[in-house]
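Within every chain, numbering begins at 1; the chains are lettered A, B, ... in the order of the sequence lines, protein sequences first and strands thereafter.
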2 protein chains.
Amino acid sequence: MRPLYLSYCFSSSRYLATITFSSSSSNLLPRPILPTFRTNHGFNSTPSRSRLSIRNCSSISAKPSSELRRKKGSPDSSESDDTKLRALRQLFSKPAIGIDAYVIPSQDAHQSEFIAECYMRRGFISGFTGSAGTAVVTKDKAALWTDGRYFLQAEKQLNSSWTLMRAGNVGVPTASEWLNDVLAPGAKVAIDPFLFSFDAAEELKDDIAKKNHELVYLYDVNLVDEIWKYSRPDPPNAPIRVHELKYAGVDVASKLSSLRSQLAGAGCSAIVVSMLDEIAWLLNLRGGDVPHSPVMYAYLVVTMDDSKLFVDSSKVTPQVLIHLKNAGVELRPYGSILSEIESLAFKGTELWLDPSSINAAIVNTYKAACEKHLEGLGSEGTGKSKNREVSNGSSGQSWGPSGVYRASPISLAKAVKNASELEGMRNAHLRDAAALAQFWAWLEDVIHEGAKLTEVDVSDKLLEFRKKQDGFIDTSFDTISGSGANGAIIHYTPEPENCSIVDPKKLFLLDSGAQYIDGTTDITRTVHFGEPTAHEKECFTRVLQGHIALDEAVFPGTTVGFVLDAFARSFLWKIGLDYRHGTGHGVGAALNVHEGPQSISFRHGNTTPLQKGMIVSNEPGYYEDHAFGIRIENLLHVKEANTPYRFGGISYLAFEKLTFVPIQNKMVEVSLLSDAEINWLNDYHAQVWEKVSPLVEGSASQWLWDNTRPLVRQ
Amino acid sequence: MRPLYLSYCFSSSRYLATITFSSSSSNLLPRPILPTFRTNHGFNSTPSRSRLSIRNCSSISAKPSSELRRKKGSPDSSESDDTKLRALRQLFSKPAIGIDAYVIPSQDAHQSEFIAECYMRRGFISGFTGSAGTAVVTKDKAALWTDGRYFLQAEKQLNSSWTLMRAGNVGVPTASEWLNDVLAPGAKVAIDPFLFSFDAAEELKDDIAKKNHELVYLYDVNLVDEIWKYSRPDPPNAPIRVHELKYAGVDVASKLSSLRSQLAGAGCSAIVVSMLDEIAWLLNLRGGDVPHSPVMYAYLVVTMDDSKLFVDSSKVTPQVLIHLKNAGVELRPYGSILSEIESLAFKGTELWLDPSSINAAIVNTYKAACEKHLEGLGSEGTGKSKNREVSNGSSGQSWGPSGVYRASPISLAKAVKNASELEGMRNAHLRDAAALAQFWAWLEDVIHEGAKLTEVDVSDKLLEFRKKQDGFIDTSFDTISGSGANGAIIHYTPEPENCSIVDPKKLFLLDSGAQYIDGTTDITRTVHFGEPTAHEKECFTRVLQGHIALDEAVFPGTTVGFVLDAFARSFLWKIGLDYRHGTGHGVGAALNVHEGPQSISFRHGNTTPLQKGMIVSNEPGYYEDHAFGIRIENLLHVKEANTPYRFGGISYLAFEKLTFVPIQNKMVEVSLLSDAEINWLNDYHAQVWEKVSPLVEGSASQWLWDNTRPLVRQ
């Protein structure tokens, strides 16, 4: 298995692993972890004048895994897949279209990790419902690319009209290589430009240009939506709510003011924000349009003078309306974003655009409008406009706007948590820990009584316990509940119809998290209900030693995440073991369970230094194929270390634990641990008891007591 | 102090820190550690037809520091510096020259770390004798760039005609920025193209092109040599010797055969080798043309059919002649390299050239000759030749040759040691350890008797002990002998006239190494002759813990050096301390004490994985300004680890120690060490006694016994 094709982190479908079009490894990672950032892209396809209709689709929130899975597992099958492909191909030759191929990615228009059902176009057209995949349909062929996590599922779900492309396997072409192979030179390959980041569209365009193919942007119609029609789910319309200041910590006006300073510093007069968590964070709003992430579909444009939120007004409650008005934010229809972009360009507005997240429809509309603006300016600019380089600074004003193409400034601002956000995260983690203590007490009890529970039964019961906690909203991702060999499938998602019974004689891995009103959690524990083998104990203990080494790290304030990754692996390395995923990802405060820009990974592409206030997961693991999986995950807050010296005149950083749930002592081979490591474990368990015991009673309290007793060397 | 301007490693003047012309950090590192590798450079200055004269200059070998230092410290001063500058400027306006500025770098024509005196042109013209610096002379100005190590020395040595440019200080322009500032647009800036790598010359050319200046290559004359004339030292002419097969391990024919396979694989038919250690390694020869490195000035051209060594024939002994003849290597005059390059191009030879090491004279001569060759080919190629991209593969043949620009394949081949080379390294290290045991026994004795010894006295005495060892040839770099605060100057080189007395009440840092017939050594120990403070002990112990952590690391065979660097720092980080240099460099086998391509550094630019057979230093440190310096350095051999598992189907690697000299137990704060760390130290000392005691007797044997006793927890 090629680790490149595994998405950065572990929870099944947590991070949409984009199947890219070239084989360059840097692009195989989902965006917020390794933002690929480029400037000065040329572009040569001009979008049509103005397109105001955004194709639309219902909010899912905190449903049991069993129900969710059933829903996802049965895509609309009122028409056979062949009928769908035929209908799609008929559209190819319509006069206003005239294309040879159509590329259908997994994405929505916002590069979201979790997307609303109405945007699951690739699933509808192909029948394949995995989180990652790209469908490409030509006049006589249909192929679907997905990665190793989904080969078996795709084999089952694709009918004979489709060719499964096992991305990452030797000899399997990329989608663009395949297009260059099967189409006669000079073909027209079309995409919905809303569904590709500008960077991704440019890459596809360049790749297929090698065979003289043209990339055609279909702005006005999504061809899959055209055939999906009435069976297509309605767009989500969950009401938006205000994220209270006591949780957000900073009011919208202050956030906007700080953003505007950054715009001015970069020589810009406005920014377009399309990442849904960035909009939610900036406006202190939360939504319910997609599962697991408390966000709403919207675009936001902030200029030096005003802010406009492009959103379906049916979601806007009176309270939200007042909140927005107070912050000087006006409402606009979601579908009017492109005409706003055009209008901004015509006004000469220099826009900050993040080409790795802003879709190609927006960027290309802006660029085309800037060119027109320039032509309209008369003599001064006309001569040079055509071959002008895209400006990267403020110097473009005299020639008209051209855009500043940089990573979004909101990503870093959002990653560095303020005191209120941290307080919310700490509180949410304690309530989550209480739910987990109740859950584990229950689970151990029923397993020991001989109950036959499936992996899905277990995750449904966990949800029941979490739902009882104050402020619970949703799970933060699909729970990974894996018994025995299923624990070794890093992105395992149990399905109600075919998942395993939890075997009391095998290791059980449980990776889960929740969205609360005040914070987001993500925790993995691995336990044995009976007697683990010596090998299982050794592997668990080495994973734990790596977890402790990272938890206890102190490091200069300039340290990039990947520098710390080896600390978490070194104990496994000693015996020739390792794990094929990164060690840590950023986590939002009552927001997305995965966020950038920081990460802790064996990959060296992300050079973002860790900063005070960031939150990262600490989740080393070990996976033995067809046998068992081990992972131990806490969330950590990056804090200033209280070191006696500060060499180089800089701050040193360390971690504060947010997660307080026992680690099973039974799994620890004490002889492998140093005294310092035993002390770490015992200190941690003492803190768990102290912090969580006031929140539980009865059997959960007893369980918590039993599982926080100090480990002693024999 | 900006760490960027410190050369990668520590020994004073060991690694010539090139003062580059741009401020990009990647170019501030000496070449073999972080090879900067570029392809497809354009070039537009065509060299004159054929230049056969290479300007020439005496070998220095194993002289005491006191003598060497005195020599280096007194540059030729028969003419005043003003006279020199005047003479140089008179040459500017000669008809065949006609330039506005001349740039005089530190380098020889081979990017050597240590260079022969006759090539120390920058020292001659400016009076500044430090290892790193660039002089730039215009018609009315003269400026010298050097880094923080040399500010004081340069202030003393430069007369009032010169402006000192403190490279790295805020507001100090780079040389090219300065040229762009002081010269009227469109000026002619000249260089000796032999003294710049192709990459460095291209960078300078591009930088000054911003002000429309032209970079002029003076092939036929070095202007400094013209005014140096008769006072200029003769070129070195130490006899070359055969590096016996019992030490080299692989015969020349096999090495050449392997090289030719690589050439064929890259679509090349020949390679030009200019790095002196690469030539020495490939031909199993050693020389004595420069201090510290057993190499001879030469170029080597290997084609598929023959090999030609361009070398002063006076250095070639009858034995070497037979050796070369047996290997099919022909001799050519050193100065005829360019005509050979032209001839190869005219024959249509596709040359492998490493643009980061091959000088601009060679690359530009080749490129110009290729263009001519193409024009001579007639109709087929003519039309397209001008705008053709430089080919990176074999496809260029039909259009004539264009060169393949890649990192030298010999660098990696040389870095991966064979069994004989490793055996030689092990043996040389044991003899070196015996010399060090004798030295330390002597030093402690005389210091305790109250002797007043200078830092230079101490390094001279060390040389005396080493000279008695079988196969000793030279020191491998200038010994760093630093008492107290001098130990905190990472690149300290004591000067006889002004160095310190070794203070028995302060820490003493000694970093030294030797060239033996069978191997190269490099070792640092830090000791206290009296009672160290608690703070000194804590710092020493944390450096030692880092040294142990790296020494004991086990890691996947795909691991890049920088991944291991943090292991060596983590114990210092815990209390907010760090050090501003890398942790490890490659070491040649009876060759250069610094070699690439591998390194272990906090810098992330070098992505060469460590490989079985490589040798690296392990030398964490800590330096407290104006107080003390600590460094503990052993050399390590990268070996296959004997792990019970091999996750991912790959080898895991570990280290074998080559250095066996006691680490002073007195400096260790035992309470900070884990049991495992105490065991490491005691095991190491047991090995030191076992391996080295048979080689010493008397007081040295007693000292070795005393200093290898196990440390016990109180």
No hydrogens needed, just list the donor-acceptor pairs between chain B and chain A under 3.5 Å.
| residue | atom | partner | partner atom | Å |
| --- | --- | --- | --- | --- |
| B:H535 | ND1 | A:Y645 | OH | 3.1 |
| B:E552 | O | A:K574 | NZ | 2.8 |
| B:K574 | NZ | A:E552 | O | 2.7 |
| B:I575 | O | A:Y645 | N | 3.1 |
| B:G576 | O | A:F647 | N | 2.8 |
| B:Y645 | N | A:I575 | O | 3.1 |
| B:Y645 | OH | A:H535 | ND1 | 3.1 |
| B:F647 | N | A:G576 | O | 2.8 |

ring-ring contact (aromatic ring centres under 6.0 Å, His included) partners for A:F655, two or more places apart: A:F555
Please look at B:A553 and chain A and tell me whether the side chain, the backbone, both or neither of the residue comes under 4.5 angstrom of a heavy atom of that chain. backbone
Which one, A:A566, A:A641, A:A676, leads in non-hydrogen pairs under 4.5 Å with chain B? A:A566
